[in-house]
Protein chains: 2
Amino acid sequence: MAVSLQDVADAAGVSIATASRALGSKGRVSEATMRLVRETADRLGYQVNVLGKALREGSDGVVGIVVPMVSNPFYASLVHEFEDQLAAFNLKLLIADSHGELDREIERLEALASRRVKGIFVVPAYFDRSRPTIVDVAQRLPVVQVDRRVEDDADLSFVGVDNAAGIDQVLRHVSGQGAETVAFVGADNRTSVGRERRQAFAASAKRLGLTVQKPVIDRYLFEFGLSAASQLMRRSKLPDAVIAGDDLIATGLLAGFVRQGRSVPEDVMITGFDGTILADICSPTLTTAQQPMAKIAEVAVNQLMRQIDDATAAGSHTRLRTTLRQGGSTGRQPLAEASHGVTSGSRQPRG
Amino acid sequence: MAVSLQDVADAAGVSIATASRALGSKGRVSEATMRLVRETADRLGYQVNVLGKALREGSDGVVGIVVPMVSNPFYASLVHEFEDQLAAFNLKLLIADSHGELDREIERLEALASRRVKGIFVVPAYFDRSRPTIVDVAQRLPVVQVDRRVEDDADLSFVGVDNAAGIDQVLRHVSGQGAETVAFVGADNRTSVGRERRQAFAASAKRLGLTVQKPVIDRYLFEFGLSAASQLMRRSKLPDAVIAGDDLIATGLLAGFVRQGRSVPEDVMITGFDGTILADICSPTLTTAQQPMAKIAEVAVNQLMRQIDDATAAGSHTRLRTTLRQGGSTGRQPLAEASHGVTSGSRQPRG
DNA sequence: CTGAAAGCGCTTACAG
DNA sequence: CTGAAAGCGCTTACAG
């Protein structure tokens, strides 16, 4: 078996208490014993058993995150940034995938709670149905909602972007590019993000005096964008610009139009939302509302730490700003030089 | 504080031992006590403290995975599949990101080992330099290498694809499409995958009687593909087909060529490797060697379970097959209908 | 500065 | 079937 603290203490000829102190930072130990114990520990290859330590201290250094689907590039980037930020606090990240399904989400949240993680980040699957479990879990341990929120969440924390402002950015942009008729292709009211972006589109288009076509609504899937393109092409007139609910839908729309012989942006402009690597990869590149992934993770982690340190800390809601990331899908073809990894959030090594 | 087993036992008027038996599945308890205890537990909202259980049993239900970068779509999909497979065994997944850096990889592996996870999946950052730590950790707990391996790993387990066969598939395909001159754009010898695909290219091209241009070698990055396209265009003659080391490089090449006015596949064919969502999103869509992500996860998880159940289980090496996934980048434009989510590994909800 | 002891929450032989 | 007790590995008041 692995060597325990007791083994080290025995080998060093001190008590387990002294060994613990010598290895930890708390409590005073003489220089000599400290050196002795540490050397012995090294020699024996001792590694603290986090489980024992965790039981004693009430929790281990683990934080959980529940996302709808890790394989979605947006959430993959987010997870990446969270892992990074948490490492600075010496915290590990337990990942759970809800598949966007309520049952799985509940199961995952309960599992994380019962293993006494220090806290949980959650991207709620539903605006309404996800609420009960999240509220329940939040009473037992620190919880911070990320990207999406549930209804009546004044007591809960949340970190995400200002979706209304983001939609307004892309809409203003296409308007400036000459678009007069616009259509929204996005997701349903199941999630807060779906609601917010859809409502923002209606409000913002009105404000800008744009003519609005009937929206096409379903889910955040590449395949949906593809079929939405077909639906739009069956209409008597294609809008000048299509505002997509996220990059996945936008790239689906792009592929759909191009495959059926339409040109983007000449026949129709397209914008996305999120600023994932997908926006770089399609051609033309995608104009999109860039989310500050690293910043979201940073703010969320800091908020969680606050709640961990102070269980009575009030919930806080933070809305960060998206930035307009221009691509070829709305007219301006980027120079080949200018596009070298300038805007994309994180690099993507893999070898 | 949370309610403990002791609280439940007290409330039910039984000993903690009986309470434990009533709630667990081991040991015999009378129907009546069992019902009583369970009702009491429910009433009090009791949830087992996994930490106490873990300390007693030597390990908690957590498995770790160390990947070079979660935000790479290939690894994001892999993580997704692993999370799925592990859920069937009631195991949680702790995710660690090495950034492809040795120091971070070592740090993450040691951290996972010291917290007594049940086992570790690792995608080694280096073919040579990653070996010592992985071998060391593998002596302490079950380890399965995924996607990439280290040198001299006869004792270690590995699950990945047959890279030579995969490269041969795409090469045969472009040859069948009329390509005579080909070039490889891939990654260096730092990783096993980099080595294998590069060598496979040379061997396979020779076998097929193709003329080979000097390869361009760097890292698995979209940006590298972009610059590699520029490099290739500076040559006196563009090859008929460029075989990329992965989808990221392939999409970079594609974007690079298109931005500089070349047509794909008319001027040059391109193939990728992995079969990520990226292959669907670019246009033309990418012909690529599709990795069976779900199968990789399944085999790897089963192997790890075997090693967990039997510490003396021999290491096993499994090479799965890639399948040729045809896209427009090598000539055949897919029909719009045919492309509705047919080949892409997993769907990508997000809302 | 150092040691003996308690206790975090749980499970499982060991008796009865 | 049920209970008392030991022990997983650790840290930290409490004495000395």
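Every chain is numbered from 1, with letters handed out A, B, ... down the list of sequences. Everything numeric in this text was worked out from a predicted model, so none of it was measured.
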For atom CE of B:Met34 and atom P of D:dT2, their distance in whole Å
11 Å
Starting at CD1 of B:Ile16 and ending at P of C:dC8, how long is that distance when rounded to a whole Å?
10 Å
Closest non-hydrogen atoms of A:Gln307 and A:Val143, given as atom of the first, atom of the second and distance, are NE2-O, 3.3 Å
For B:Asp7 and C:dC8, what is the distance between atoms CG and P respectively, to the nearest whole Å?
10 Å
Any Lys/Arg nitrogen of B:Arg38 or B:Asp42 sitting under 4.0 Å from an Asp/Glu carboxylate oxygen of the other?
no
Could you tell me whether a side-chain N or O of B:Glu105 sits under 3.5 Å from a main-chain N or O of B:Ala125, the two making a donor and an acceptor?
yes
Going by the ring-ring contact (aromatic ring centres under 6.0 Å, His included) test, which pairs reach into residues 113-160 of chain B, not counting sequence neighbours?
B:Phe82-B:Phe121, B:Phe158-B:His317
When we call it a touch if two heavy atoms are under 4.0 Å apart, what does A:Ser20 touch: a base, just sugar-phosphate, or nothing?
base
Rounded to the nearest angstrom, tell me the gap between atom CG in A:Leu5 and atom P in D:dT12.
12 Å
Got a salt bridge between B:Glu57 and B:Lys118, using NZ or NE/NH1/NH2 to carboxylate O under 4.0 Å?
no
Strictly by salt bridge (Lys or Arg N to Asp or Glu O under 4.0 Å), give each pair with a member in residues 296-310 of chain A just once, sequence neighbours left out.
A:Lys295-A:Glu298
Quick one: B:Glu57 CD to D:dG9 P, roughly how many Å, whole number?
13 Å
Are the side chains of A:Val67 and A:Val123 in touch, meaning some heavy atoms are under 4.5 Å apart?
yes
When Watson-Crick pairs (N1 to N3 and N6-O4 or O6-N4) and G-U wobble pairs (N1-O2 and O6-N3) count only below 3.5 Å on both distances, what is the dot-bracket string of DNA chain D, with | for other-strand pairs?
|||.||||||||.|||
Got a sec, which pairs hit salt bridge (Lys or Arg N to Asp or Glu O under 4.0 Å) with one end in residues 82-101 of chain A, sequence neighbours left out?
A:Glu83-B:Arg104, A:Glu83-B:Arg108, A:Asp84-B:Arg104, A:Lys92-B:Glu107
Checking D:dC10, C:dC8, D:dG3 against the side chain of A:Leu55 (C-beta onward), the nearest is C:dC8
State whether B:Arg43 and B:Glu39 are salt-bridged, where the test is any N-O pair (Lys NZ or Arg NE/NH1/NH2 against Asp/Glu carboxylate O) under 4.0 Å.
no
For atom P, what is the distance between D:dT2 and D:dA6, given to the nearest Å?
23 Å
Nearest heavy-atom approach of B:Ala11 to B:Thr40 is CB-CG2, 3.5 Å
Pick out the pairs of N or O atoms, protein on one side and nucleotides 13-16 of chain D on the other, that lie under 3.5 Å.
{"residue": "D:dA13", "atom": "N6", "partner": "A:Arg21", "partner atom": "NH2", "Å": "2.8"}

Note: for B:Glu31 and A:Gly52 on DNA chain D, the residue whose nearest nucleotide lies more 5' is B:Glu31
Tell me if a side-chain donor or acceptor on A:Ser20 pairs with a main-chain N or O of A:Ile16 at a distance below 3.5 Å.
no
Contact nearer the 5' end of DNA chain D, comparing A:Thr18 with B:Thr33:
B:Thr33
Rounded to whole angstrom, note down the P distance from D:dG9 over to D:dA13.
23 Å
If you look at every heavy atom in A:Val48 and A:Lys53, which pair is closest and at what distance?
CG2-CD, 4.2 Å
Residues of residues 39-50 of chain A with any non-hydrogen atom less than 4.0 angstrom from an atom of DNA chain D: list those, numerically ordered, please.
A:Tyr46, A:Val48, A:Asn49
Measure from CG on A:Leu51 to C1' on D:dG7 and round the result to the nearest Å.
14 Å
